[in-house]
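Index from 1, following the sequence.
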Amino acid sequence: MEAGGFLDSLIYGACVVFTLGMFSAGLSDLRHMRMTRSVDNVQFLPFLTTEVNNLGWLSYGALKGDGILIVVNTVGAALQTLYILAYLHYCPRKRVVLLQTATLLGVLLLGYGYFWLLVPNPEARLQQLGLFCSVFTISMYLSPLADLAKVIQTKSTQCLSYPLTIATVLTSASWCLYGFRLRDPYIMVSNFPGIVTSFIRFWLFWKYPQEQDRNYWFLQT
């Protein structure tokens with residue numbers, strides 16, 4: 001196998017493994033909901049926004065004919081659907097959750113209607129859909145900045161997950177390399193903020209070691 005082919009296979013495999021590993025992080029929340037039969041300490045919006053993100057990139061991958069994007073985001077969307085259904089089952093305030101779900105999915109359907117009905121040119125549709133997915137992914141990566149400000153204010157990394165930070169930087173770096181190899185700026189640029197925010201988290205873990213927070217340390221062990 002040529003060096004270029006081996007490198008591509010390595011990058012493709014890394015994208016699949018790291019991304020599916022990150023999506024599987026929600027299985028711990030699923031187990032928690034099943035054991036406690038409640039949604040205490042489980043956030044719903046990350047499931048919903050990740051679902052929309054997966055469906056967007058799935059459409060982009062299908063339009064582009066990218067098998068890696070199709071496989072990863074199909075599995076990701078299926079997992080997020082499972083998490084959402086479990087949350088709905090155990091959540092006592094179903095009306096609020098259903099309203100949030102209907103609102104975001106309504107926006108997604110409007111977007112699909114625009115891209116597939118009002119943008120007849122396939123190339124223009126691909127570019128606009130890629131731009132939409134990039135903006136949405138970047139906003140997801142930047143949304144936890146409020147948590148980072150809280151860490152600096154409280155001088156505690158209790159609200160941060162070190163394993164998730166590692167998974168995020170590996171996943172983001174893999175997709176940046178993937179986008180670079182394909183010369184796809186939408187994939188490459190949208191994942192770069194994930195690397196930046198992950199290194200900010202690493203710096204915070206270094207500056208405010210978890211040993212300083214005994215309660216969090218015991219939870220980790």
Discussion item. Can you list everything that forms a ring-ring contact (aromatic ring centres under 6.0 Å, His included) with Y178? Sequence neighbours excluded, please.
Written reply: Y12, W175
Item to complete: Please step through side chain to side chain contact (heavy atoms under 4.5 Å, CB included) for the pair C176 and N191, ending with a clear verdict.
Response: CA-CA 6 Å; C176 278; N191 285 279; 3.8 Å; yes
Approximate separation, where rounding is to 0.5 Å, of [X] [atom1] and [Y] [atom2]:
{"X": "I195", "Y": "I200", "atom1": "CD1", "atom2": "CD1", "value": "12.5 Å"}
{"X": "L48", "Y": "Q100", "atom1": "CG", "atom2": "CD", "value": "7.0 Å"}
{"X": "L110", "Y": "L105", "atom1": "CG", "atom2": "CG", "value": "11.0 Å"}
{"X": "S38", "Y": "H32", "atom1": "OG", "atom2": "NE2", "value": "5.0 Å"}

Practice prompt. Show the numbers, then the answer: is there a side-chain hydrogen bond (donor to acceptor under 3.5 Å, both in side chains) between S172 and Y141?
Written response: CA-CA 10 Å; S172 301; Y141 278 131; 3.1 Å; yes
Using a 3.5 Å distance criterion without hydrogens, assess whether the side chain of [X] forms a donor-acceptor pair with backbone atoms of [Y].
{"X": "N121", "Y": "A124", "value": "yes"}
{"X": "S198", "Y": "T168", "value": "no"}
{"X": "R125", "Y": "V119", "value": "yes"}
{"X": "T197", "Y": "G194", "value": "yes"}
{"X": "S174", "Y": "I11", "value": "no"}

Minimum heavy-atom distance [X]-[Y], with the two atoms named:
{"X": "T49", "Y": "M140", "value": "O-SD, 3.7 Å"}
{"X": "L30", "Y": "A86", "value": "CD1-CB, 3.4 Å"}
{"X": "C133", "Y": "Y60", "value": "SG-CB, 4.4 Å"}
{"X": "L88", "Y": "K94", "value": "O-CE, 2.8 Å"}
{"X": "P193", "Y": "S190", "value": "CD-O, 3.5 Å"}

Item to complete: Show your reasoning for whether side chain to side chain contact (heavy atoms under 4.5 Å, CB included) applies to K207 and V151.
Response: CA-CA 10 Å; K207 187 171 180 62; V151 169; over 6 Å; no
Between [X] and [Y], is there a shared hydrophobic cluster once you connect ILVMFWY residues whose side-chain heavy atoms come closer than 4.5 Å?
{"X": "L131", "Y": "M188", "result": "no"}
{"X": "L170", "Y": "F180", "result": "no"}
{"X": "L108", "Y": "L85", "result": "no"}
{"X": "V96", "Y": "V42", "result": "no"}
{"X": "L164", "Y": "V196", "result": "no"}

Going by the angle between their ring planes, with limits at 30° and 60°, are [X] and [Y] parallel, tilted or perpendicular?
{"X": "F199", "Y": "F202", "answer": "perpendicular"}
{"X": "F47", "Y": "Y83", "answer": "tilted"}
{"X": "Y87", "Y": "F44", "answer": "tilted"}

Less than 3.5 Å apart, any donor N or O on the side chain of [X] or [Y] sitting next to an acceptor on the other?
{"X": "D40", "Y": "Y90", "value": "no"}
{"X": "S156", "Y": "T154", "value": "no"}
{"X": "Y186", "Y": "Q127", "value": "no"}

Discussion item. Using side chain to side chain contact (heavy atoms under 4.5 Å, CB included), reason through H89 and R37 one step at a time and then give a plain yes or no.
Written reply: CA-CA 9 Å; H89 179 70; R37 304 190 67 83; 4.3 Å; yes
Between [Y] and [X], is there a side-chain heavy-atom distance shorter than 4.5 Å?
{"X": "L55", "Y": "N73", "answer": "no"}
{"X": "L79", "Y": "N54", "answer": "no"}
{"X": "L69", "Y": "L58", "answer": "no"}
{"X": "S134", "Y": "W57", "answer": "yes"}
{"X": "T101", "Y": "E51", "answer": "no"}
{"X": "V97", "Y": "R93", "answer": "no"}

Worksheet entry | Test side chain to side chain contact (heavy atoms under 4.5 Å, CB included) applied to L129 and L126, step by step | CA-CA 5 Å; L129 184 57; L126 182 66; 5.8 Å; no
